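For the numbers below, each heavy atom of this structure counts, side chains included, while hydrogens, waters and symmetry mates do not. The first residue of the sequence shown is numbered 1, and numbering continues consecutively from there. As the structure is a computational prediction, the values presented were derived from the model and not from experiment.
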Amino acid sequence: MEAESSPSTFLGFNVLPISIISVLLGGLVVLIFFSDYFRKKRSEVQTIAKPEEIVAQKSKKPSPSNSRKPHSRSQSHASEKDQVKRHHPLDLNTLKGHGDSVTALCFSSDGRNLATACADGVVRVFKLDDALCKSFKFLRINMPAGGQPTAVAFSDGASSVVVAAQNLSGSSLYMYGEGNANSANDTKQQPKLPVPEIKWAHHKVHEKRAIVTLVGTTASYGSGDGSTIIASCSEGTDIILWHGKSGKILGNTDTNQLKNTMATISPNGRFIAAAAFTADVKVWEIVYSKDGSVKEVTRVMQLKGHKSAVTWLCFSPNSEQIITASKDGSMRIWNINVRYHLDEDPKTLKVFPIPLHDSKGATLHYDHLSISPDGKILAATHGSILQWLCAETGKVLDTADKAHEGNITGIAWAPKSIPLGPDLTMVLATAGDDKKVKLWASPVHPS
């Protein structure tokens with residue numbers, strides 16, 4: 001009688017062959033799958049284009065290394081990052097390094113130096129050897145402790161700068177000039193710029209009122225001695241005229257209006273004009289003595305015609321016209337080359353509507369004006385918007401809607417053309433509360 005098979009014996013006899021068969025079948029399925037896969041890949045490889053066609057296809061795709069390079073290195077030496085940020089064709093360069101809002105800027109008489117006043121307490125004088133430089137050398141002037149620069153103007157050439165500063169005690173004026181430079185071996189090597197020194201200073205010049213504009217020019221009219229004269233305009237109603245080199249007060253005047261918006265001097269040093277929160281503009285003449293010194297500052301005319309407050313004004317390069325912008329939505333060009341001593345009034349030559357509107361169609365006013373050294377292009381700003389206008393027709397030549405990432409705080413044309421690569425061109429500088437100063441090319445003026 002045979003013994004009955006145990007469950008374990010039965011399982012061991014039947015499960016083992018089934019497992020082996022399962023493994024073999026699985027391997028066969030996998031082998032068939034991969035065989036079919038590789039056969040398809042070989043078929044695909046055989047249908048791919050020829051090698052030269054592959055190169056041609058690849059050349060259509062931008063190379064990562066080539067896509068970063070500018071199309072022409074001669075057009076700009078700026079960094080690749082700056083190239084991307086430039087959203088306007090007239091945007092040439094950005095002067096960086098400011099630690100806070102830039103409150104004011106001005107060019108030297110030769111256009112090769114640009115001084116900026118910054119809320120970080122530093123005045124920087126940039127050397128503009130080429131408007132397309134990757135970086136600019138600059139001279140750093142640290143203001144006395146507690147003083148915040150609000151305005152800046154060149155005194156004599158590019159070697160001295162007058163700075164207006166505001167602190168708790170009021171407004172101060174400092175004139176910084178060259179220190180003692182070591183000129184040894186200067187024939188072989190350019191010596192380092194000497195640290196500027198304070199040559200003169202005046203405190204509480206407008207009591208506790210801030211200085212809103214500071215403008216300097218050469219006294220070249222009539223018997224003027226050719227020295228630099230500087231006008232400081234307070235946020236109150238007073239304007240003081242200074243001798244740039246000595247710091248002597250040459251005269252002062254009171255606008256007798258609500259508050260000053262700004263004041264400026266004609267390029268030849270003959271007239272002072274001020275804008276306030278009124279529709280009229282008052283003009284004073286600087287009278288020179290035979291020895292070239294300033295004799296007096298006397299009021300000679302008033303520009304009447306606007307229906308609302310004048311926000312900004314500037315003189316033409318020949319000092320014979322004044323351009324005004326008003327909240328009434330218009331700009332006016334005035335002829336001030338009149339015989340005022342015979343009670344001849346200044347005449348309005350042209351009236352242009354301000355070609356800037358908000359989303360609802362309302363006309364916006366201009367915050368700043370500056371005219372090019374050839375007298376053909378007028379630069380104007382509102383908030384972060386920058387416009388170039390034809391001074392002859394008032395036509396808009398170009399617009400940068402977001403010239404800065406914040407409000408534009410100041411604009412100035414270089415008084416002379418400066419290098420732009422191998423060429424020379426007129427350059428406009430703008431300052432903003434975004435801690436930047438930008439350089440802009442002039443648009444092509446229509447013939």
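- A salt bridge does not link D434 to K438: none of the charged side-chain nitrogens sits closer than 4.0 Å to a carboxylate oxygen.
- A salt bridge links E405 to K436: one of the charged nitrogens lies within less than 4.0 Å of a carboxylate oxygen.
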Tell me, with the steps shown, if H368 and W413 meet ring-ring contact (aromatic ring centres under 6.0 Å, His included). CA-CA 12 Å; H368 298 89; W413 284 95; over 10 Å; no
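- You'll find the ring centres of W312 and H365 outside the 6.0 Å limit.
- Shown are T255, I336, V310; of these, the side-chain contact (heavy atoms from CB on, under 4.5 Å) with V281 is made only by V310.
- With respect to the salt-bridge test (charged N to carboxylate O, under 4.0 angstrom), the residues D238 and R209 qualify.
- In this structure, H206 has its ring center at least 6.0 angstrom away from the ring center of W242.
- With contacts defined as side-chain heavy-atom distances shorter than 4.5 Å, the pair T425/S442 qualifies.
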Could you check S227 against T218 for side chain to side chain contact (heavy atoms under 4.5 Å, CB included), going step by step and ending with a plain yes or no? CA-CA 6 Å; S227 61; T218 302; over 6 Å; no
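- Side-chain contact between I230 and L241: absent, with no pair of heavy atoms (C-beta onward) separated by less than 4.5 Å.
- Contact check for V162 versus L173: side-chain heavy atoms found under the 4.5 Å cut-off.
- By the 4.5 Å heavy-atom criterion applied to side chains, S160 and M175 are counted as neighbours.
- Between N93 and F136, some side-chain heavy-atom pair lies under the 4.5 Å cut-off.
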Does the ring-ring contact (aromatic ring centres under 6.0 Å, His included) test come out yes or no for F126 and H98, once each step is laid out? CA-CA 12 Å; F126 292 86; H98 300 90; 5.6 Å; yes
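- Comment: E344 engages K347 in a salt bridge, judged by a side-chain N to carboxylate O separation of less than 4.0 angstrom.
- A side-chain contact (heavy atoms from CB on, under 4.5 Å) with P196 holds for exactly one of V125, I141, V123; it is I141.
- Note: Y174 and H203 have perpendicular aromatic rings, judged against thresholds of 30 and 60 degrees for the angle between ring planes.
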